[in-house]
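What follows is a single structure, written as structure tokens, with notes after it.
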Amino acid sequence: FFQAEDGIRDKLVTGVQTCALPISAVAALRAGEQRLRGLVRNHGVAPFLAAVDTFLDDGETAARAALQTLPHGRFDAVETMEDGRQIAVRVAITATDFVVDLRGNPQQGTTPFNCPFVCTRSAAQIVFKAITTGSILANEGSFRPLKILVDEGSIFSAKHPAPVSY
């Protein structure tokens with residue numbers, strides 16, 4: 001049956017793999033939790049928290065060092081969306097900051113050309129990481145130099161009940 005209907009077989013296999021992903025993620029999180037509890041039990045809370053702070057500070061230091069290698073200045077772009085509205089971005093890069101300014105863009109609409117801020121932030125982080133320290137692991141410290149400016153209720157910070165995509 002599956003040989004004759006390869007499309008169905010592929011869909012079933014993909015479905016099983018997709019369902020297994022959350023189960024694997026939960027198992028990995030549980031294993032990680034046990035390892036972290038062991039570290040705290042063996043070394044104490046204060047040294048553990050100090051190590052976390054150092055790890056985050058190292059991410060920030062690497063990102064700020066990478067900012068030194070980028071051209072500094074202001075960079076603007078405007079794009080027309082499928083629905084005819086224009087969106088604009090202004091990126092300002094300095095020795096200490098990478099600012100993505102999305103203010104002044106259209107307000108959220110009734111079509112799914114909207115993003116909640118969490119998606120906007122994620123997209124900005126992906127770009128920032130790729131052009132700064134893409135070859136090393138990311139942590140929250142890696143994104144300390146990144147600033148994202150949006151207008152609440154805009155297509156880049158849409159609120160319920162706006163339809164969203166991304």
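Quick caveat, the model's predicted, so the values are computed rather than measured. What you see below is based on every heavy atom in this structure, not just the backbone, and it leaves out hydrogens, waters and symmetry mates. Residue indices begin at 1 and follow the sequence shown.
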Q | From CD (E152) to CD (Q107), nearest 0.5 Å | A | 10.0 Å
Q. Considering all heavy atoms of both residues, which atom of A162 and which atom of G109 are nearest to each other, and what is their separation?
A. CB-O, 4.2 Å
Q: State plainly whether one hydrophobic cluster holds both F48 and V45, where clusters connect Ile, Leu, Val, Met, Phe, Trp and Tyr through side-chain heavy atoms under 4.5 angstrom apart.
A: yes
Q | D57 (side chain) donor-acceptor with G141 (main chain) under 3.5 angstrom | A | no
Q.
Give me the atom names and distance for the closest heavy-atom approach of A138 to K129.
A. CB-CE, 3.6 Å
Q) Under 4.5 Å between any side-chain heavy atoms of L56 and V52, yes or no? A) yes
Q: Count the heavy atoms belonging to other residues, nucleotides or ligands that lie under 6.0 Å from CD of Q34, then report whether that count exceeds 12.
A: yes
Q. What is the distance from atom OG1 of T94 to atom CG of D97, rounded to the nearest 0.5 Å?
A. 4.5 Å
Q.
If you compare all heavy atoms of A62 against all heavy atoms of T133, which two are closest, and at what distance to 0.1 Å?
A. O-CG2, 3.4 Å
Q) Distance from Q86 atom CD to E79 atom CD, nearest 0.5 Å? A) 9.0 Å
(Q) Let me confirm one number: the CG-CG distance from L36 to L29, rounded to the nearest 0.5 Å. (A) 10.5 Å
Q | Residues, nucleotides or ligands: over 12 heavy atoms within 6.0 Å of I136 CD1 | A | yes
Q) Do any N or O atoms from the side chain of D151 and from the backbone of G104 form a donor-acceptor pair under 3.5 angstrom? A) yes
Q.
Could you list the cluster mates of L67? Members are the ILVMFWY residues connected by side-chain heavy atoms closer than 4.5 Å, either directly or through other members.
A. L70, F75, M81, I87, V89, V91, I93, F98, V100, L102, F113, F117, F128, I131, F143, L146, I148, V150, I155, F156
Q. Can you check whether E82 reaches T111 side chain to side chain, under 4.5 Å on heavy atoms?
A. no
Q) Between the side chain of N105 and the main-chain N/O of A88, is any donor-acceptor distance below 3.5 Å? A) yes
Q | Lys/Arg N to Asp/Glu carboxylate O, R90 vs D76, below 4.0 Å | A | yes
Q) Does A63 offer a backbone N or O that forms a donor-acceptor pair with the side chain of T132 under 3.5 Å? A) no
Q) Under 4.5 Å between any side-chain heavy atoms of R74 and D101, yes or no? A) no
**Q.** Pairwise side-chain contact, V164 with C115, heavy-atom cut-off 4.5 Å (strictly under)
**A.** no
Q | Donor-acceptor contact present, side-chain S157 to main-chain S154, <3.5 Å | A | no
Q) Do the side chains of E140 and R144 get nearer than 4.5 Å, heavy atoms only? A) no
Q) Run the side-chain contact (heavy atoms from CB on, under 4.5 Å) check on E60 and S142 step by step: do they pass? A) CA-CA 5 Å; E60 179 181 8; S142 306; over 6 Å; no
Q) Got more than 12 heavy atoms from elsewhere within 6.0 Å of NE2, H72? A) yes
Q. Is V99 close to K147 at the side-chain level, that is, under 4.5 Å between some pair of heavy atoms?
A. yes
Q) Is E33 salt-bridged to R37, cutoff N-O under 4.0 Å? A) yes
